[in-house]
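In the text below, chain A, chain B and the rest are named by the order of the sequence lines, each starting its count at 1. Quick note: numbers below take in every heavy atom, side chains included, and nothing from hydrogens, waters or symmetry partners.
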Protein chains: 2
Amino acid sequence: MAGLREDKKRRTRQAIGDVAMRLFAERGFEAVTVNEIAEAAGVAKVTLFKYFPSKESLVLHAVEEDLAGVVIARPPGRSPLRALREYLLAFAAAPIGEADELIARMKVIVDSPALTAAVNRLQYGSRRALARALLPGGRPLMPCETGEGSSAPREAGDETPPRSDAAGDGTSPRSDAAPGAAGHHPQPARAPGADPAALAAELAAAQISAAVLTLQETFFQRVAAGMPPAEAGRLLRGDVDLAFDLLENGLAWLGEKGTT
Amino acid sequence: MAGLREDKKRRTRQAIGDVAMRLFAERGFEAVTVNEIAEAAGVAKVTLFKYFPSKESLVLHAVEEDLAGVVIARPPGRSPLRALREYLLAFAAAPIGEADELIARMKVIVDSPALTAAVNRLQYGSRRALARALLPGGRPLMPCETGEGSSAPREAGDETPPRSDAAGDGTSPRSDAAPGAAGHHPQPARAPGADPAALAAELAAAQISAAVLTLQETFFQRVAAGMPPAEAGRLLRGDVDLAFDLLENGLAWLGEKGTT
DNA sequence: TTTGCTTCTGAACCCGGTTCATTTATTGTG
DNA sequence: CACAATAAATGAACCGGGTTCAGAAGCAAA
């Protein structure tokens with residue numbers, strides 16, 4: 001039960017990740033080869049790829065938003081948008097541990113086109129999940145009872161750093177599959193039928209997801225540029241409110257001048 | 001001037017693209033290697049890569065939305081959202097030539113995770129351009145004085161065609177760059193300063209862009225599933241209206257029942 | 001210790017993409 | 001027409017991410 005073996009595995013994984021981040025921070029993501037990382041970590045390349053499914057995952061294994069989970073787990077009576085807004089506000093207010101390591105990671109991400117693209121890809125995946133969560137699909141989506149305005153003050157320090165990842169770190173390398181026959185998407189690719197509710201959910205998910213990604217990017221860039229995380233968090237709170245006001249109230253103001 | 005050479009080049013490019021699409025349609029994107037394509041087209045691999053910057057670009061060289069251009073070129077007095085809506089409605093209404101070839105292309109794209117990811121990447125690029133276009137440019141964004149409605153500056157299509165896409169079809173392969181020194185992003189990565197107007201533009205662009213991508217995907221999937229393009233276009237018109245109504249009026253309805 | 005399992009390893013391989021020196025057209029000029 | 005100058009095509013070697021495979025440790029229970 002002790003899992004002496006498990007322990008060694010955990011430490012190996014940690015070691016690989018650490019040395020990789022160190023090299024990336026020193027020389028940039030694209031300038032470090034996986035061979036170097038493996039050698040520096042004292043393992044074979046093939047071993048490295050058993051612990052991390054791709055080079056990208058060495059950086060992104062922790063970066064993951066599970067918006068769908070937030071929506072699904074929201075307390076009854078709360079609208080999805082409000083749940084998401086509060087989730088992000090809580091994230092912005094949470095003290096960020098290990099700032100240095102985090103800053104380095106963000107710097108590496110922001111400085112690498114390949115990695116920002118990978119972040120985008122991750123977001124695309126979570127978007128599909130969010131769309132399903134928004135659909136009154138499976139179970140009771142909205143009790144409609146509209147709890148009273150704004151009480152329910154959100155248990156202060158409850159954790160919820162992004163920690164909620166379902167299946168390990170995304171960023172899988174080979175999606176290869178059978179060529180001849182049918183499609184082979186992660187998601188079954190929603191039926192092309194003309195269900196306006198499904199499309200509405202998909203559109204809403206896309207908008208929300210894109211907005212959250214933009215917030216995340218802005219935050220990353222600020223931190224990567226050297227702003228202390230606490231300060232960046234403070235700014236992020238304002239940004240979250242702006243973003244969700246836009247989401248809720250729409251962009252009709254676009255084209256008029258005084259936007260505030 | 002005749003450009004006998006140019007002509008040959010054009011035909012070679014066409015031939016490569018054609019044979020590639022044929023192979024992709026037969027066996028799927030990932031199951032065909034560039035070596036095969038080159039051999040089947042009767043050229044060397046290196047020649048293929050002189051005509052197309054990447055394997056993906058063999059499929060995506062035509063797929064490109066320039067939303068920023070639509071916004072910039074809109075007639076005076078028209079809001080960006082309205083211009084975009086009309087642009088998409090026009091696209092939906094336009095008769096689509098060469099349906100068969102188009103269907104095959106969409107099938108290939110929809111069936112390949114790598115290609116859908118690439119489409120996403122393209123969209124990400126155009127999103128930045130759209131954000132810039134939504135910002136009333138270097139100059140006065142919100143003088144707060146609210147000039148009457150629309151007379152604003154904006155000499156129609158004069159200089160500063162911010163020429164979004166720099167080099168032909170996107171999907172370039174090597175973004176490599178110097179490791180040690182500063183960043184090297186395509187876009188200078190907007191300043192992390194806290195300009196709410198810039199952020200609002202970025203958020204609006206993200207939402208719009210995501211919505212358009214969703215529309216595009218839906219359309220693609222319908223066509224790839226065998227729906228005649230004319231029919232898909234008709235459905236697309238309704239979808240466009242739904243999407244832009246959502247964009248303009250917001251998602252506040254989320255969580256209430258009767259969506260419609 | 002022996003048996004059985006998991007993990008690790010090295011080496012070869014695939015594929016997308018690039019470099020480079022060389023060959024093969026095409027073009028413009030005397 | 002011949003002849004350079006120029007542009008394009010070629011093959012072969014190379015790089016880096018990622019996989020496969022046979023076999024060599026390492027650990028656990030007997």
Side-chain angles (χ1 to χ4, degrees), chain A residues 1-13 15-16 20 23-24 27-60 112-115 117-118 121 169-177 179, chain B residues 1-16 20 23-24 27-60 112-115 117-118 121 167 169-177 179:
Chain A
M1 244 164 230
L4 187 154
R5 217 136 146 175
E6 296 297 314
D7 201 48
K8 186 162 202 166
K9 272 169 74 174
R10 245 196 39 253
R11 270 186 295 116
T12 302
R13 188 184 150 97
I16 295 175
L23 292 176
F24 290 155
R27 294 157 38 199
F29 182 74
E30 4 268 341
V32 180
T33 74
V34 292
N35 276 310
E36 287 176 297
I37 299 170
E39 190 181 0
V43 300
K45 183 170 67 154
V46 75
T47 304
L48 185 155
F49 279 114
K50 196 155 22 182
Y51 282 96
F52 296 90
S54 71
K55 190 188 181 189
E56 285 155 10
S57 71
L58 285 163
V59 183
L60 301 181
S112 156
L115 284 177
R121 219 165 33 242
D169 34 35
T171 68
S172 46
R174 269 281 186 274
S175 343
D176 215 340
Chain B
M1 242 158 220
L4 186 156
R5 213 136 143 179
E6 295 299 312
D7 201 48
K8 187 164 204 165
K9 271 169 76 175
R10 245 195 39 254
R11 269 186 295 117
T12 302
R13 188 183 151 97
Q14 183 75 26
I16 295 175
L23 292 176
F24 290 155
R27 293 158 39 199
F29 182 74
E30 3 268 342
V32 180
T33 73
V34 293
N35 275 309
E36 287 176 298
I37 299 169
E39 190 180 1
V43 300
K45 182 171 67 155
V46 72
T47 304
L48 185 155
F49 279 113
K50 195 155 21 184
Y51 282 96
F52 296 89
S54 71
K55 190 188 181 190
E56 286 156 9
S57 71
L58 285 163
V59 183
L60 301 181
S112 157
L115 284 177
R121 218 162 38 241
D169 38 32
T171 70
S172 48
R174 268 281 187 273
S175 345
D176 216 338

From [atom1] of [X] over to [atom2] of [N], roughly how many Å is that when rounded to an integer?
| X | N | atom1 | atom2 | answer |
| --- | --- | --- | --- | --- |
| B:Asn35 | C:dG16 | CG | C1' | 9 Å |
| B:Lys9 | C:dT27 | NZ | C1' | 14 Å |
| A:Ile16 | C:dT7 | CD1 | C1' | 12 Å |
| B:Arg10 | D:dA7 | CZ | P | 21 Å |
| B:Glu6 | D:dT6 | CD | P | 17 Å |
| B:Asp7 | D:dA8 | CG | C1' | 15 Å |
| B:Lys8 | C:dA25 | NZ | P | 8 Å |
| A:Glu30 | D:dG16 | CD | P | 13 Å |

Item to check | Side-chain touch B:Lys9/B:Thr12, heavy atoms, less than 4.5 angstrom | outcome: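 In short, these two side chains do not touch, never coming nearer than 4.5 Å.
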
Item to check | Heavy-atom side-chain proximity of B:Phe29 to B:Leu58 below 4.5 angstrom | outcome: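 A side-chain contact is absent here, since even the closest heavy-atom pair is not under 4.5 Å.
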
For [N], take OP1 and OP2 only and decide whether either is under 4.0 Å from a side-chain N or O of [X].
| X | N | answer |
| --- | --- | --- |
| B:Thr47 | D:dT10 | yes |
| A:Tyr51 | C:dC8 | yes |
| A:Lys50 | C:dT9 | no |

I want to verify a distance call: between [options], whose nearest atom is closest to the [X] side chain?
| X | options | result |
| --- | --- | --- |
| A:Thr33 | C:dT26, D:dG17, D:dG18 | D:dG17 |
| B:Ala44 | C:dG17, D:dA8, D:dT10 | D:dT10 |
| A:Phe49 | C:dT9, D:dT19, C:dG16 | D:dT19 |
| A:Val46 | C:dT9, D:dG11, C:dC15 | C:dT9 |

Checklist entry - Does the C:dG17 base have a donor-acceptor partner in the side chain of B:Lys45 within less than 3.5 Å? => result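 When only heavy-atom distances are counted, B:Lys45 does reach the base of C:dG17 through a donor-acceptor pair under 3.5 Å.
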
Checklist entry - Is A:Lys55 side chain donor-acceptor paired with the D:dG16 base, going by distance under 3.5 Å alone? => result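 Such a pair does not exist between side chain and base.
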
Checklist entry - Quick one: CZ on B:Phe24 to CD1 on B:Ile37, what's the gap to the nearest 0.5 Å? => result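 Separation between the atoms: 3.5 Å.
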
Checklist entry - After noting the C-alpha distance and the side-chain angles of B:Arg13 and B:Ile16, does the key distance pass the side-chain contact (heavy atoms from CB on, under 4.5 Å) rule? => result CA-CA 5 Å; B:Arg13 188 183 151 97; B:Ile16 295 175; 5.9 Å; no

Checklist entry - Which pair of heavy atoms, one from A:Ser112 and one from A:Glu30, lies closest together, and at what distance? => result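 Heavy atoms of A:Ser112 and A:Glu30 come nearest at OG-OE2, 2.8 Å.
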
